[in-house]
Each structure stands twice: as C-alpha cells, then as structure tokens.
Amino acid sequence: MDILKTKGFTLVEIIIVIAVLSFGILTLTHIFPYIFQAKSKAEDYSLMGILAQNLAEEIRKEGYKNLDIKYPQVRSGYGRKEGKFKGYPQFRWQVEWWQTDVPNLRKIKIEVFKEVGKKNPQKMEIVTYIAKRE
C-alpha cells in the first residue's frame, strides 16, 4: 500500500501545475504583440538606413557640382529638397546641405521618415561631407 501512495500525482498537485502553466501562457500572449511591434520597427529602421545610405552614395556619385542643381539653394550656402522613394511610398526623404567654413567642402544631412502617424514619424538621419574635386 505504501508503494501506491508514493507514485503519481494528487489532484491538487495537477491543479496547481495547470494554474502555473496557464498563468505563464497568458503572460506570453500579452507579450507577443510587443515583440511583433519591436520586430516591425527594427525592420523599418534597417530599411531606412539602407535607403539613406543609397541616397548618400547617389549624392557622392553625382558630385559636388551637381549638389546645388539637384538640391537647389534656398539661400546662399544652403540647399534643401524633399521627396519620396520610388517603390517605398510610406517612406520619404529630406536632403539639406550647407557650405562649411572649409572652402569647397559641404556638409550633407539626409533624413528618412516613415509616416506612422501625424504626430511622431519614425526618423533616421545620417550626415556626410562632400568635397569639390578640381
């Protein structure tokens, strides 16, 4: 008889285990939306970085002289332009450039935005410089 009493689980132990497992599963189900949201934001920031870097490379390739043609001067020594990426309608870009104190050197700021709401778009910014080659 003692052997039967030491083997197996009692109904109370099974109920406690089920309660603990249920609590754990419910906690996980509340965390999943946050995990998916974080994953989505990480993907967006990765894409924004790639788009910004591609735009920076395009500006470098076109060169110093074409900078104020493609991104016109708003005032002396400063230019700005905005646009959208082809194939990525939810993303837009803004390019600003300034003439630095160093002759023939311009500072370029590229910002990429994803419209997620009117109040707070996701934003990534990179800064680079371009020099005039003679």
Side-chain angles (χ1 to χ4, degrees):
M1 287 283 193
D2 288 337
I3 294 174
L4 292 177
K5 287 185 180 180
T6 59
K7 289 187 177 181
F9 298 103
T10 65
L11 184 59
V12 174
E13 291 172 327
I14 292 173
I15 291 173
I16 291 172
V17 168
I18 290 173
V20 169
L21 286 175
S22 297
F23 179 74
I25 290 171
L26 285 174
T27 303
L28 284 177
T29 59
H30 289 296
I31 292 173
F32 272 116
Y34 298 111
I35 293 170
F36 290 126
Q37 185 180 26
K39 177 187 171 285
S40 177
K41 277 188 176 183
E43 288 172 349
D44 289 343
Y45 280 114
S46 293
L47 181 56
M48 289 178 0
I50 290 168
L51 293 171
Q53 190 62 39
N54 286 344
L55 189 54
E57 292 300 322
E58 181 182 313
I59 290 169
R60 281 191 208 106
K61 184 177 83 174
E62 291 174 352
Y64 184 93
K65 290 181 182 179
N66 291 328
L67 187 63
D68 50 354
I69 295 169
K70 190 156 184 183
Y71 308 97
Q73 286 194 42
V74 176
R75 61 180 184 272
S76 180
Y78 172 77
R80 180 175 184 233
K81 188 173 179 182
E82 296 181 12
K84 289 194 172 203
F85 292 99
K86 292 178 184 172
Y88 301 96
Q90 70 273 30
F91 294 96
R92 62 183 175 85
W93 55 264
Q94 176 179 304
V95 173
E96 293 179 278
W97 62 265
W98 298 267
Q99 184 65 46
T100 64
D101 293 338
V102 178
N104 300 322
L105 182 69
R106 291 180 176 169
K107 178 180 180 179
I108 302 167
K109 180 172 80 170
I110 300 167
E111 293 178 310
V112 177
F113 304 90
K114 180 180 182 193
E115 298 298 330
V116 290
K118 297 272 183 188
K119 293 183 180 180
N120 56 348
Q122 290 177 320
K123 176 178 136 180
M124 176 170 282
E125 175 183 306
I126 63 171
V127 176
T128 188
Y129 292 85
I130 189 169
K132 183 177 182 181
R133 296 182 187 176
E134 310 233 5

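No experiment lies behind these values; they were computed from the predicted model shown.
Rounding to the nearest 0.5 Å places CH2 of Trp97 at 6.0 Å from CG of Leu67. Of the inter-residue distances, the one linking Ile59 atom CD1 with Asn54 atom CG reads 11.0 Å to the nearest 0.5 angstrom. Distance check: Lys70 NZ to Lys81 NZ gives 7.0 Å after rounding to the nearest 0.5 Å. The line from CG of Leu55 to CD of Glu111 is 11.5 Å long, rounded to the nearest 0.5 Å. A distance of 10.0 Å separates CD1 of Ile16 from CG of Leu11, quoted to the nearest 0.5 Å. Interatomic distance, Lys107 NZ to Thr128 OG1, rounded to the nearest 0.5 Å: 11.0 Å.
Not a single donor-acceptor pair under 3.5 Å links the side chain of Glu13 to the backbone N or O of Val17. Checking side-chain atoms of Gln99 against main-chain N and O of Leu105 turns up a donor-acceptor pair under 3.5 Å.
Annotation for Lys41: atom NZ does not count as buried by contact number, only 12 or fewer foreign heavy atoms lying within 6.0 Å.
Glu57 pairs by the side-chain hydrogen bond (donor to acceptor under 3.5 Å, both in side chains) definition with Gln53, Arg60, not counting sequence neighbours.
The two atoms that bring Ile130 and Gly63 nearest to each other are CD1-C, 3.6 Å, heavy atoms only. Smallest separation of non-hydrogen atoms from Ala52 and Val112: CB-CG2, 3.6 Å. Across Pro89 and Lys84, no two heavy atoms sit closer than the pair O-NZ, 3.5 Å. The two residues Glu115 and Pro121 have their closest heavy-atom pair at OE1-CB, 4.1 Å.
Side-chain atoms of Tyr78 and Glu96, non-hydrogen and from C-beta on, do get closer than 4.5 Å to each other. Side-chain contact between Ile14 and Ile18 is present, with heavy atoms from C-beta onward closer than 4.5 Å.
When each of Lys39, Gln90, Lys114 is tested with Asp44 by the rule side chain to side chain donor-acceptor pair (under 3.5 Å), just one qualifies, namely Lys114.
The aromatic rings of Phe32 and Phe36 lie parallel to each other, with less than 30° between the two planes, well short of the 60° mark. Between Trp93 and Tyr71, the two ring planes are perpendicular [angle over 60°; tilted spans 30° to 60°].
Tyr88 and Ile110 fall within a single hydrophobic cluster, where Ile, Leu, Val, Met, Phe, Trp and Tyr side chains are chained together by heavy-atom contacts under 4.5 Å. Neither Tyr129 nor Trp98 shares a network with the other; the hydrophobic side chains, linked directly or stepwise wherever heavy atoms of I, L, V, M, F, W or Y lie under 4.5 Å apart, form separate groups for each.
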* Audit row: Phe113, Met48, side-chain contact (heavy atoms from CB on, under 4.5 Å) steps and yes/no -> CA-CA 7 Å; Phe113 304 90; Met48 289 178 0; over 6 Å; no
* To do: Check step by step if side-chain contact (heavy atoms from CB on, under 4.5 Å) holds for Arg106 and Asp68.
  => CA-CA 11 Å; Arg106 291 180 176 169; Asp68 50 354; 3.9 Å; yes
